[in-house]
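Note that the structure is a prediction, hence the values are computed from the model and not measured. Numbered from 1 within each chain, the chains take letters A, B, ... in sequence-line order.
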Number of protein chains: 2
Amino acid sequence: MGHMTTHRTPSAGTAAPPGTAAMSLTERQEERRRRILQATARLAGRGGYDAVQMREVAESAGVALGTLYRYFPSKVHLLVATMQDQLEQLHATLRKRPPTEEDPAARVAQTLMRAFRAMQREPHLADAMVRALTFADRSVSAEVDAVSRLTTAIILDAMGLTGPPGAEQLSAVRVIEHTWHSALITWLSGRASIAQVKIDIETVCRLITR
Amino acid sequence: MGHMTTHRTPSAGTAAPPGTAAMSLTERQEERRRRILQATARLAGRGGYDAVQMREVAESAGVALGTLYRYFPSKVHLLVATMQDQLEQLHATLRKRPPTEEDPAARVAQTLMRAFRAMQREPHLADAMVRALTFADRSVSAEVDAVSRLTTAIILDAMGLTGPPGAEQLSAVRVIEHTWHSALITWLSGRASIAQVKIDIETVCRLITR
DNA sequence: CGCTAATCTAGAACAAGTTTCAGACTGGGT
DNA sequence: ACCCAGTCTGAAACTTGTTCTAGATTAGCG
């Protein structure tokens, strides 16, 4: 793997690269970005992390390798962006059908297990995204943070709070998030069964009720 | 990165490679293994994951590249083995000075924060080991499992149980472990402060007391 | 000691992530 | 219509993990 530590110079005479903040992309750029993310998800769907090869993604998206790197400065960035994309879809889906349980803890557990089943449908894709997420170094902080905020939003939504969350609840949510990621990883690497993940999720959700 | 998916053939006409189970290593082999782990920890100490380059490890350990790969079939195997090594030392240290608190939850939190401070002393080393641990795929299951068992043992020790742990306690311990790993990662990638990690640890430890 | 299988070494070769570069292309402003 | 800055392309180069090979070395054994 190339210099993972060397960072792309912000291209002296060059404007900010696409993907940076609210930089309105051209129609065609928007489209390219979408094609890239689609190709990534498709490749990840077969074969997981290793099957996402930058050259293949580029070719499959009909884009030059250099362009791919302009949009996503590394494989990890690419996969984290893919996760963000997928999470947004999931969030939308979940909004349409909120959890049915009464108890907040149960609602969160139900929601997370739903998310988990979504992962089960595409275990390779899940593998690619989650591995990238936890492998990410500081240079991907911002993007990982975005994913984290999304996850937090999903959990808070599931809790169905009336008022703003308290500090205790926020730390409980963080711990739930930790557990969710880590449990996912142990399942993906075949070290825990689905039943065990379910138990862990339910266990940690008890923190919500104090 | 090379073929992470292609696996080494078990070397038809060759006995099991060193590192396999209870395969008594020669004096010199034991020594080589130790030199490799030392070199790894040293390199990881500066620079973290990226600074651990297989050629450098080999050279620094005074061993041929092929030999390094015979002892540890991949960079991830190598770093997970390093983590196992370090954890064993930590466990020994902790045994000598058990936590002082009364409450089991507090004892565990205290112990984990102690471990955390050990990590703070060598953040780059921690980075390398933890990243490897969560990046590990199925081919490293066994080794990762060993690390997991060690961690579990440390936590159970800290709890200072009189009898064997109950099922609920075991799942609480698993959740604590999840939180521990994940919180460590967010800290290492600069997305959480030490104070936040402390809060998260203390929060999750409340699960012990039901 | 002398043999044989396993192990070790040096080094080349290969794979995939990343960088770089020269030239073609595009969009907007004049 | 023309020009400029910024983009995109295609291809080669470079880095580092991993594999392979041919020839030394070593460990155990008769």
4.5 Å side-chain heavy-atom contact, A:Tyr49 and B:Asp137: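 Counting from C-beta outward, A:Tyr49 and B:Asp137 never come under 4.5 Å.
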Side chains of B:Trp187 and B:Gln120 in contact at under 4.5 Å (non-hydrogen atoms): yes
Polar pairs (N or O, both sides) under 3.5 Å between protein and nucleotides 9-12 of chain C?
{"from": "C:dT9", "atom 1": "OP2", "to": "B:Ala64", "atom 2": "N", "distance (Å)": "3.0"}
{"from": "C:dT9", "atom 1": "OP2", "to": "B:Thr67", "atom 2": "OG1", "distance (Å)": "2.5"}

B:Arg138: salt bridge (charged side-chain N to carboxylate O under 4.0 Å, His left out) partners, not counting sequence neighbours: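 Residues passing salt bridge (charged side-chain N to carboxylate O under 4.0 Å, His left out) with B:Arg138: none at all.
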Grab the [atom1]-[atom2] distance between [X] and [N] for me, whole Å please.
X        : N      : atom1 : atom2 : result
A:Arg131 : C:dG17 : CZ    : C1'   : 15 Å
A:Glu31  : D:dT7  : CD    : C1'   : 16 Å
B:Arg70  : D:dT18 : CZ    : P     : 17 Å
A:Phe72  : C:dG17 : CZ    : P     : 16 Å
B:Tyr49  : D:dG17 : OH    : P     : 8 Å
A:Met54  : C:dT20 : CE    : P     : 15 Å
B:Gln29  : D:dA27 : CD    : P     : 9 Å
B:Lys75  : D:dG17 : NZ    : P     : 4 Å

Touch class at under 4.0 angstrom, heavy-atom based, for B:Val57 against every strand present: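 Nothing, no nucleic acid heavy atom in range.
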A:Tyr71 six-ring centre to A:Arg32 NZ/CZ under 6.0 Å and within 45° of normal: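 No, a cation-pi geometry is absent between A:Arg32 and A:Tyr71.
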Residue-phosphate contact under 4.0 Å: A:Tyr71 side-chain N/O, D:dC8 OP1/OP2: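 For D:dC8, OP1 or OP2 has a side-chain N or O of A:Tyr71 closer than 4.0 Å.
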Between OG1 on residue B:Thr40 and CE on residue B:Met129, distance to nearest 0.5 Å: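 Output value for this atom pair is 11.5 Å.
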Output the single nucleotide from [options] whose closest atom is nearest the side chain of [X].
X       : options               : value
B:Gln53 : D:dT18, D:dT16, D:dC8 : D:dT16
A:Arg28 : D:dC8, C:dG27, D:dT26 : C:dG27
A:Tyr69 : C:dT18, D:dT7, D:dT19 : C:dT18

Heavy-atom neighbours of B:Glu59 CD exceed 12 at 6.0 Å: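 Count not over threshold, so no.
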Pairs where residues 37-46 of chain B contributes a residue and the test salt bridge (Lys or Arg N to Asp or Glu O under 4.0 Å) is met, not counting sequence neighbours: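 Every candidate salt bridge (Lys or Arg N to Asp or Glu O under 4.0 Å) pair involving residues 37-46 of chain B fails, so no pair, neighbours aside, qualifies.
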